[in-house]
Amino acid sequence: MCGIVAYVGNKQVVPLLLEGLKRLEYRGYDSAGVAVITSSGMKVQRAVGRVSVLESQIEKAPGFEGCTGIAHTRWATHGSPSVPNAHPHSHKTSDGYLVSLVHNGIIENYVSLRKWLEAKGHKFTSETDTEVIAVLIAEFYKGDLEAAVKAALREVTGAYAIAVICEREPHTLICARKGSPLIIGIADKSYVVASDASAIVSHTTQVITLDDYQVAKLCAGPNDKYNPVAEASGDTSGGGGPWKVDFKTTTIDDVPVTRDVQELEFDLAQIELGQFEHFMHKEIMEQPESIRTCLRGRIDLRDNRVVLGGLASFTRELVRARHFILTAQGTAFHAGLIGEYLLEDIAKVPARCHYASEFRYRNPIIEEGSITVAISQSGETADTLAALREAKDRGSLALGVVNVVGSSIARETDAGVYLHVGPEIGVASTKAFLGQVLVLTLISLYVGRRRYLSAEQLHNYLEELERLPDMVSKVLEQSDAIRTATEKCLDRNNWLFLGRGYHYPVAVEGALKLKELSYIHAEGMPAAEMKHGPIALIDKGMPVVFVATQGSQYDKVISNIEEVRARGGRVIAVATEGDTQITRYSESVFYVPHVSEALQPMLTVVPLQLVAYHAAVLRGHDVDKPRNLAKSVTVE
Ligand code: G6P
């Protein structure tokens, strides 16, 4: 939800900012903008639409040469996507210097701040909450950008990651965060700041992160001119003389803090499309490999155990747990629903998954022995973070099942297990879902073995898990057949997805994937629930997708299929290899290898991901950036 990238150093900044914005575009894509300090002052360009629109505007507008700049790609919250609402937001200080700012987050008290600033004579040009920060900084600016930013941030409530520059201090970049993500890369003679690592790794792998309420002052400039609080030097070329770089970190109350430089573990190929046309397709196809990396070092067949280093110091609490509270949003919530089944079935501990947005406001009951598990790909989802804090405040042990290392949720939990499935760029989550279900499976086995699961039962699961990547590959081989079957149903704008037991959440996830990518209306639900209303929707030709693998409820699902067929519905089934009977009832069948019921969701979801992917491509939609969506929802 909004991506920011900023740079101060010795290189021309515009190409670098545009490259960074393209990498971050999945975070928001309704408008974009850059601000650059040039030899003739601040130059700002903003455009509605994709980064490519901004790029072509800048190509036609000369004079964007400079080595200090900020950029933003937006997902609108306050104010429609328009040029005035696009970032950067700029405002003049009392002595006539322009301050420019990019922001990711939400300023909750912007209405009162805006009134206060308007009463002081400031004019606003946008409908955004962000503009108040730019105006506040300009209001407080007395020749020291860092001091002005801190003064402004002491006034605001809400969430922010910001990057700020000022014409008067051409070699200085100030950034700060509270609640929203921000990473500072330390590159050769320069600093590059971004919402996530994907916009940094092509420059450096040395990074520092900030905690909430912390501010970094980053300076890079020619030695003779380098003076962060000097009069405007006019020299923004970045050339000549020895080069000086310097950074300092403090809190917004000016208390010095030390931040360690960390090494980013990131492979550039992970964020490149390679042979694929879309990130979503790449991420679906690389699931066998992401399962392998997620499992690496975690299953030990020789000693017959699950190794979860992140949970080791809480094993006692886990074994004695009386209740698991799983909390998440979106696709991660569906992984949590599967987690309910896994924890109850394998670990024999009661478990409930809650929408984080509901959980946090419902006055939740946290009793002794409750363990809360926040599930999130990004680790930044505002509601999930808030639910986690609520649970912690009420005394719950808090665990994280998170993909992005060092993200807010990962940092605020007591312990956790990373997914290690690599960066997920496609807005619709696929490989992270599989990773979340896999980690929840591992946690269930870890706890289960210490409760009621026999050594033999564990051994069987571990053997199956080891074969899981190959099984997923077999499912992926059916991609062309899935495309053909999907194409036949694309004339219909209402679909149903049905499943029982472990496959009820899979059905809901399949429906979500289809609706978010193809804009076809789809509902997912327990197969038995169909009779209580949705059956009224079924008419001749309506596509109904059944997850109908062989397992404890197979016969019941077949009965539901009969009910749909009797009303003319068109049945698409996901079934177990070797099930010939099901072809009698279904127009199309996709097969998954046979595996224990508890592990089946990691196979049965794959054809549904492919249905959604192909539907979106066939309908000509932007698969990686579906309309109105954002990858990481950092507002409530
Ligand atoms: C957004 C994304 C979804 C994702 C959800 C939760 O809605 O578009 O793909 O499942 O947020 O995100 P998280 O990062 O917490 O898993």
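Counting starts at 1 for both ligands and their atoms, following the listed order.
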In terms of side-chain heavy atoms, does Ser202 have a donor or acceptor partner in Glu19 at a distance below 3.5 Å?
yes

Starting from atom 7 (O) of ligand 1, what is the nearest protein heavy atom, named by residue and atom, and what distance separates them?
Val633 CG2, 3.9 Å

What is the nearest protein non-hydrogen atom to atom 10 (O) of ligand 1, stated with its residue, atom name and distance?
Thr331 N, 3.0 Å

Nearest neighbour in protein (non-hydrogen) for atom 8 (O) of ligand 1
Ala630 O, 3.0 Å

For atom 11 (O) of ligand 1, grab the closest protein heavy atom and report residue, atom and distance to one decimal in Å.
Lys631 O, 3.8 Å

Pairwise ring-ring contact (aromatic ring centres under 6.0 Å, His included) hits with a residue in residues 394-429, at least two apart
Tyr418-His420

Taking the side chain as every heavy atom from C-beta outward, state whether Val437 and Leu434 have any pair of such atoms under 4.5 Å apart.
no

Does any N or O atom in Thr384 lie less than 3.5 angstrom from one in ligand 1, N or O only?
no

Atom 5 (C) of ligand 1 [closest protein heavy-atom partner, distance rounded to 0.1 Å]
Gln329 O, 3.9 Å

State the atoms of ligand 1, each with its element, that fall below the 4.0 Å cut-off from a heavy-atom position in Thr381.
6 (C), 12 (O), 13 (P), 14 (O), 15 (O)

State plainly whether the residues Glu412 and Arg389 are in salt-bridge range, i.e. N to O under 4.0 Å.
yes

Output all residues satisfying side-chain hydrogen bond (donor to acceptor under 3.5 Å, both in side chains) with Glu289, sequence neighbours left out; order by chain, then residue number.
Arg292

Does any N or O atom in Glu516 lie less than 3.5 angstrom from one in ligand 1, N or O only?
no

Pick one of side chain, backbone, both or neither for how Ala432 approaches ligand 1, counting any non-hydrogen atom pair under 4.0 Å.
neither

For Gln377, take its heavy atoms, then give the atoms of ligand 1 lying under 4.0 Å from any of them.
13 (P), 14 (O), 15 (O), 16 (O)

For Ala332, atoms of ligand 1 separated by under 4.0 Å from a heavy atom
10 (O), 16 (O)

Tell me if the CD atom of Glu358 is crowded by more than 12 foreign heavy atoms within 6.0 Å.
no

Applying the side chain to side chain contact (heavy atoms under 4.5 Å, CB included) criterion to Lys513, which one of Val508, Val605, Leu610, Thr331 satisfies it?
Thr331

When only distance counts, is Gly330 in polar contact with ligand 1, meaning an N/O pair under 3.5 Å?
no

For Ser429, atoms of ligand 1 separated by under 4.0 Å from a heavy atom:
9 (O)

Ring center gap for Tyr110 and His78 short of 6.0 angstrom:
yes

Report yes or no: does Val427 have a heavy atom closer than 4.0 Å to ligand 1?
yes

Crowding at NZ, Lys392 (>12 non-hydrogen neighbours, <6.0 Å):
yes

Check the orientation of His278 and Tyr613. Use parallel for under 30°, tilted for 30 to 60°, and perpendicular for over 60°.
perpendicular

Shortest protein heavy-atom distance from atom 14 (O) of ligand 1, along with the residue and atom involved:
Ser378 OG, 2.6 Å

Can you find a non-hydrogen atom of Ala328 under 4.0 Å from ligand 1?
no

